[in-house]
Amino acid sequence: MWGTIFDLEDNPPYRYEGSHVLPSVDGPRDPGCPVQLAEVPSHITRDGRDDQPEDGAPWPWLRASLGREDAVLDRSQVQGLWEAMGAWLEQTKPPPPPARHVGGGANAEDCPGCKGTNPPYPFICPGEDR
């Protein structure tokens, strides 16, 4: 009855090697430990309850699977997990690449590298990183 909405089948998670081992992008993968999220589609019903349309929103339950262990989460639990994961993603986001000057006699107002600077008149991008 569950419909998979996310899995890491083609990109298996890294193997946990203990709290004393810092993970690495070159570390071993664990294809036997699937990570999967699944929902209950609206067309799934049970006896005496047929109050959802065929193409409606999924039921408010999400199955999270890690390896051979499954957990069923309600909407508030998914919200908390989503907020925690979102905060972690924000904290680990790589910095943006530095702005580059366009050069070529371009107007400094149109140059990402000149943004926030006040180049002297005639306001032309210098064309090189300062």
Side-chain angles (χ1 to χ4, degrees):
M1 87 171 174
W2 298 92
T4 301
I5 58 175
F6 173 82
D7 70 45
L8 289 176
E9 186 175 317
D10 296 331
N11 184 18
Y14 294 90
R15 182 174 302 134
Y16 179 69
E17 298 182 287
S19 61
H20 64 289
V21 178
L22 185 63
S24 165
V25 294
D26 298 325
R29 299 290 186 122
D30 192 352
C33 183
V35 174
Q36 186 181 69
L37 296 177
E39 64 184 17
V40 181
S42 66
H43 67 271
I44 302 296
T45 62
R46 62 177 171 243
D47 291 342
R49 184 168 185 174
D50 192 13
D51 55 354
Q52 291 275 45
E54 286 286 319
D55 60 349
W59 290 94
W61 301 100
L62 182 72
R63 186 189 75 212
S65 303
L66 180 60
R68 290 163 189 77
E69 300 296 324
D70 292 343
V72 176
L73 308 174
D74 67 21
R75 193 172 192 296
S76 67
Q77 292 166 321
V78 171
Q79 179 75 31
L81 179 61
W82 178 78
E83 289 171 0
M85 293 176 88
W88 179 84
L89 284 170
E90 281 299 312
Q91 292 172 358
T92 61
K93 184 174 15 177
R100 306 293 300 186
H101 289 282
V102 294
N107 187 328
E109 291 177 348
D110 300 325
C111 172
C114 290
K115 184 176 178 122
T117 66
N118 191 11
Y121 183 82
F123 313 119
I124 302 297
C125 171
E128 58 189 48
D129 286 335
R130 298 179 191 172

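These numbers were taken from a predicted model, which means no experiment stands behind them.
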* Asked: Who else is in Trp88's hydrophobic cluster (ILVMFWY, side-chain heavy atoms under 4.5 Å, direct or via others)?
  ->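 Its cluster mates, by chain and number, are Leu89.
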
* Asked: Tracing side-chain links under 4.5 Å among I, L, V, M, F, W and Y, which residues wind up in one group with Val25?
  -> Tyr14

Once side-chain hydrogen bond (donor to acceptor under 3.5 Å, both in side chains) is applied, do any residues pair with [X], and if so which ones, sequence neighbours excluded?
X: Asp74; result: Ser76
X: Glu90; result: Lys93
X: Asn107; result: none
X: Ser19; result: none

* To do: Indicate if Val78 and Leu66 have the same hydrophobic cluster label, given that clusters are the connected sets of ILVMFWY residues with side-chain heavy-atom separations under 4.5 angstrom.
  =>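 In one cluster with Val78: Leu66, yes.
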
* If you group Ile, Leu, Val, Met, Phe, Trp and Tyr by side-chain heavy-atom gaps below 4.5 Å, do Trp82 and Trp61 land in one group? -> no

Locate the shortest heavy-atom distance separating [X] from [Y]; write the atom from each residue and the value.
X: Ala108; Y: Cys114; answer: O-CB, 3.4 Å
X: Cys125; Y: Gly103; answer: SG-N, 3.2 Å
X: Cys111; Y: Val102; answer: SG-N, 3.4 Å
X: Ser42; Y: Gly56; answer: OG-N, 3.0 Å
X: Thr117; Y: Gly113; answer: CG2-O, 4.4 Å

* Asked: What residues form a salt bridge (charged side-chain N to carboxylate O under 4.0 Å, His left out) with Glu83, not counting sequence neighbours?
  -> none

* **Residues forming a salt bridge (charged side-chain N to carboxylate O under 4.0 Å, His left out) with Lys115, sequence neighbours excluded** => none

* Residues in side-chain contact (heavy atoms from CB on, under 4.5 Å) contact with Pro23, at least two apart in sequence or another chain -> none

* Asked: Looking at residues at least two apart in the chain, or sitting in another chain, which of them share a side-chain contact (heavy atoms from CB on, under 4.5 Å) with Leu37?
  -> Ile5, Phe6, Leu62, Ala64

* 4.5 Å side-chain heavy-atom contact, Val40 and Pro58 ->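 They are not in contact (no side-chain heavy atoms under 4.5 Å apart), so the answer is no.
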
* **Beyond-backbone contact of Pro112 with Arg100, side-chain heavy atoms, under 4.5 angstrom** =>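 Of all side-chain heavy-atom pairs linking Arg100 with Pro112, none is under 4.5 Å.
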
* Which residue pairs pass the salt bridge (charged side-chain N to carboxylate O under 4.0 Å, His left out) test with at least one member in residues 28-37, sequence neighbours excluded? -> none

* Tell me, with the steps shown, if Arg63 and Gln36 meet side-chain contact (heavy atoms from CB on, under 4.5 Å). => CA-CA 8 Å; Arg63 186 189 75 212; Gln36 186 181 69; 2.6 Å; yes

* Check ring pair (Phe, Tyr, Trp, His ring centres under 6.0 Å) between Tyr16 and all other residues, then give those that pass, not counting sequence neighbours. => none

